[in-house]
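Report on one structure; see the data block that follows.
Predicted model, so just to flag it, every value in this text is computed and none were measured.
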Amino acid sequence: MEPIPVAGPWITQKEIDYVTDAVTNCWYGQANKYHDRFEQAFAEYIGAQHAVALPSCTSAIHLALEALDVGPGDEVIVPDVTWIASAAPINYVGAQPVFADIDRQTWCLSPESFADRINSRTKAVIVVDLYGNMPRMDEILEIARRHDIPVIEDAAEAFGSEYAGRKAGGFGHTGVFSFHGSKTMTTGEGGMLVTNRRDLYERVLILRDHGRVPGDVSFFNREVAFKYKMSSLQAALGLAQVERAEELVGRKRQIFNWYAEALRNLPGVSLNSEPAGTRNSYWMVTAVLDPALGLKKESLGAQLAARGVATRPFFHPLSSLPAYAHLSESTAARHRNHIAYEISPHGINLPCALSVTREQVEFVCQELRNIITAFAANRLQFAA
Ligand SMILES: *Cc1c(COP(=O)(O)O)cnc(C)c1O
């Protein structure tokens with residue numbers, strides 16, 4: 001039997017109809033029909049002026065850094081706990097990542113740690129809306145404004161989340177999204193960059209098309225740049241999904257509420273927070289165990305897997321990864337980022353694919369209860 005899936009999409013006849021139309025009709029003069037509609041609908045949903053559909057969120061972050069002129073000798077601050085795609089593009093442009101600690105409640109960038117990491121080389125900050133939650137954005141934006149540091153908001157995991165009544169992705173100089181198959185809305189693979197800054201928008205349009213200005217038909221490239229475009233089939237799928245945004249986000253929130261109800265009164269386990277003023281879209285239902293329990297994410301994940309339950313470990317701090325082992329920054333961050341290193345070993349993402357049923361969630365919670373109760377009893381016995 002297939003394990004209960006941790007992530008996955010919700011596809012309806014609407015998506016199938018739009019993609020079928022795209023593959024049938026969107027050629028010749030109709031080639032860009034779905035791009036235009038998708039970008040417009042997306043920008044409207046986020047409340048941003050401009051949106052550019054791209055092949056991935058990774059490419060969106062790469063273009064954002066390029067458009068902000070980040071390069072060799074510059075530093076970019078990024079939270080230590082996130083998917084590596086938030087940080088890898090810093091290397092693409094030849095700059096240095098600087099790993100800031102996370103906040104204990106939101107698991108997102110800590111404003112205090114961000115402020116501590118700023119120096120004269122700081123050229124940008126990448127703020128990540130981790131697992132659908134929002135950071136203490138007012139404080140972060142105020143610090144960034146005071147130091148004149150451009151903000152890239154990585155909202156890949158926060159499609160449909162809100163902070164102070166505004167949609168995630170709309171807070172930085174640019175906001176970026178992922179439509180990977182695991183995300184709340186999907187185009188299979190894909191991404192989006194949104195911005196209110198016309199200059200950045202126009203720069204991104206040139207950078208993503210081999211240095212051509214939009215509409216160029218003379219193949220007269222102004223510079224060596226990149227080729228980052230989405231196909232019309234993906235754009236058609238994306239349009240159908242964004243038209244169902246509230247349905248998708250509503251299901252994510254419902255799945256979270258099933259967990260919250262079923263895990264009530266289970267001591268030592270806390271789930272994602274939703275601070276006042278935030279609407280969390282709960283991309284990943286995440287349980288963090290009290291470190292005092294002594295149960296690590298790897299062991300818990302293996303035990304759940306044996307019971308047919310797929311999980312993912314809470315992201316490891318970037319500064320702990322072999323990928324960044326050569327950086328002295330990693331050594332410093334390992335000693336400095338106490339909250340990242342306290343939470344990450346004890347966190348796990350539970351099945352919250354858009355296909356999971358309430359019965360499946362209740363099964364997962366019962367198994368989780370059994371494992372934790374048995375583990376705690378064992379430890380007590382051992383200690384006695
Ligand atoms: C998924 C994800 C990305 C990368 O998205 P791709 O579309 O796979 O490039 C970037 N940042 C975060 C926080 C993500 O979760």
Side-chain angles (χ1 to χ4, degrees), residues 1-12 15 83 107 130-133 157-161 180-186 241 244 246-274 279-316 343-382:
M1 248 189 31
E2 265 190 57
I4 302 174
V6 74
W10 182 6
I11 302 298
T12 64
E15 283 81 353
W83 175 228
W107 308 331
L130 200 78
Y131 298 140
N133 211 347
E157 303 179 358
F159 174 73
S161 294
H180 179 260
S182 66
K183 299 289 160 57
T184 299
M185 72 154 275
T186 189
Q241 290 261 287
R244 295 180 53 232
E246 286 317 304
E247 203 177 357
L248 298 175
V249 173
R251 176 61 59 86
K252 279 290 191 187
R253 289 180 58 82
Q254 183 178 43
I255 293 169
F256 177 83
N257 287 332
W258 293 338
Y259 275 103
E261 214 168 292
L263 292 175
R264 234 182 2 200
N265 322 322
L266 180 58
V269 176
S270 31
L271 299 180
N272 317 52
S273 70
E274 187 176 53
R279 180 189 189 232
N280 194 330
S281 61
Y282 300 116
W283 173 56
M284 280 282 151
V285 174
T286 301
V288 173
L289 309 185
D290 185 338
L293 198 63
L295 183 56
K296 292 274 183 66
K297 60 185 173 187
E298 289 82 5
S299 162
L300 178 57
Q303 292 181 66
L304 284 166
R307 293 159 159 85
V309 177
T311 61
R312 295 180 177 190
F314 204 97
F315 291 125
H316 310 287
I343 293 178
S344 168
H346 303 284
I348 196 162
N349 305 137
L350 300 170
C352 54
L354 286 154
S355 66
V356 303
T357 63
R358 181 158 203 170
E359 289 65 38
Q360 287 179 316
V361 167
E362 274 162 10
F363 174 78
V364 172
C365 292
Q366 193 51 52
E367 294 303 325
L368 190 62
R369 255 177 209 283
N370 293 344
I371 292 166
I372 288 174
T373 314
F375 186 83
N378 241 322
R379 264 175 54 104
L380 275 177
Q381 201 176 36
F382 191 69

I'd like to know if the side chain of Lys252 reaches the main chain of Thr184, judged simply by a donor and an acceptor atom lying under 3.5 Å from each other, with no hydrogens or angles considered. no
Hey, are the side chains of Ser161 and Arg279 touching, using non-hydrogen atoms and a 4.5 Å cut-off? no
Sole residue of Ile4, Thr286, Ile255, Leu304 in side chain to side chain contact (heavy atoms under 4.5 Å, CB included) with Leu350: Leu304
CH2/Trp10: more than 12 non-hydrogen atoms of other groups inside 6.0 Å: yes
Test item: Asp290 and Val269 side chains (from C-beta on) under 4.5 Å apart, heavy atoms: no
Using a strict 4.0 Å threshold on nitrogen-to-oxygen distance, state whether Glu247 and Arg251 make a salt bridge. no
Ignoring hydrogens and angles, state whether a donor on the side chain of Asn133 or Ser273 is under 3.5 Å from an acceptor on the partner side chain. yes
Please tell me whether Asn370 and Gln366 have a donor and an acceptor in their side chains that are separated by less than 3.5 angstrom. yes
Do Trp283 side-chain atoms and Ser182 backbone N/O form a donor-acceptor pair below 3.5 Å? yes
Can you tell me how far the CG atom of Leu248 sits from the NZ atom of Lys183, to the nearest 0.5 Å? 14.5 Å
Rounded to the nearest 0.5 Å, what separation is found between the CG atom of Leu368 and the CZ atom of Arg307? 10.0 Å
Decide if the gap between the ring center of Phe314 and the ring center of Tyr131 is smaller than 6.0 angstrom. yes
Taking all heavy atoms of Ala353 and all of Ala7, pick out the closest pair and write down the distance. CB-C, 3.4 Å
Tell me if a side-chain donor or acceptor on Glu15 pairs with a main-chain N or O of Thr12 at a distance below 3.5 Å. yes
Determine whether Val6 and Val309 make a side-chain contact, defined as any pair of heavy atoms from C-beta on separated by less than 4.5 Å. no
Can you find a heavy atom in the side chain of Gln241 that is under 4.5 Å from one in the side chain of Ile11? yes
Is there a donor-acceptor contact under 3.5 Å from the side chain of His346 to the main chain of Lys297? no
Test item: Gln360 side-chain N/O and Thr357 main-chain N/O as donor-acceptor pair under 3.5 Å: yes
Does the side chain of Ser281 come within less than 4.5 Å of Phe159's, by heavy atoms? no
Taking the side chain as everything from C-beta on, heavy atoms only, tell me whether Phe256 gets closer than 4.5 Å to Glu274. no
Test: Arg312 and Glu298 ion pair at under 4.0 Å: no
To the nearest 0.5 Å, what is the distance between CD on Glu362 and CD on Glu367? 13.0 Å
Note, Met284 side chain near Cys352 side chain (heavy atom, < 4.5 Å): yes
Exam field: side chain Tyr259 to backbone Pro351, donor-acceptor pair closer than 3.5 Å: yes
Output the distance between atom OH (Tyr282) and atom CG (Leu271), rounded to the nearest 0.5 Å. 8.5 Å
Would you confirm whether Ser299, through its side chain, and Leu295, through its main-chain N or O, come within 3.5 Å as a donor-acceptor pair? no
Mind running side-chain hydrogen bond (donor to acceptor under 3.5 Å, both in side chains) on Asn349 and Thr311 for me, showing each step along the way? CA-CA 5 Å; Asn349 305 137; Thr311 61; over 6 Å; no
Note, Leu300 side chain near Phe375 side chain (heavy atom, < 4.5 Å): no
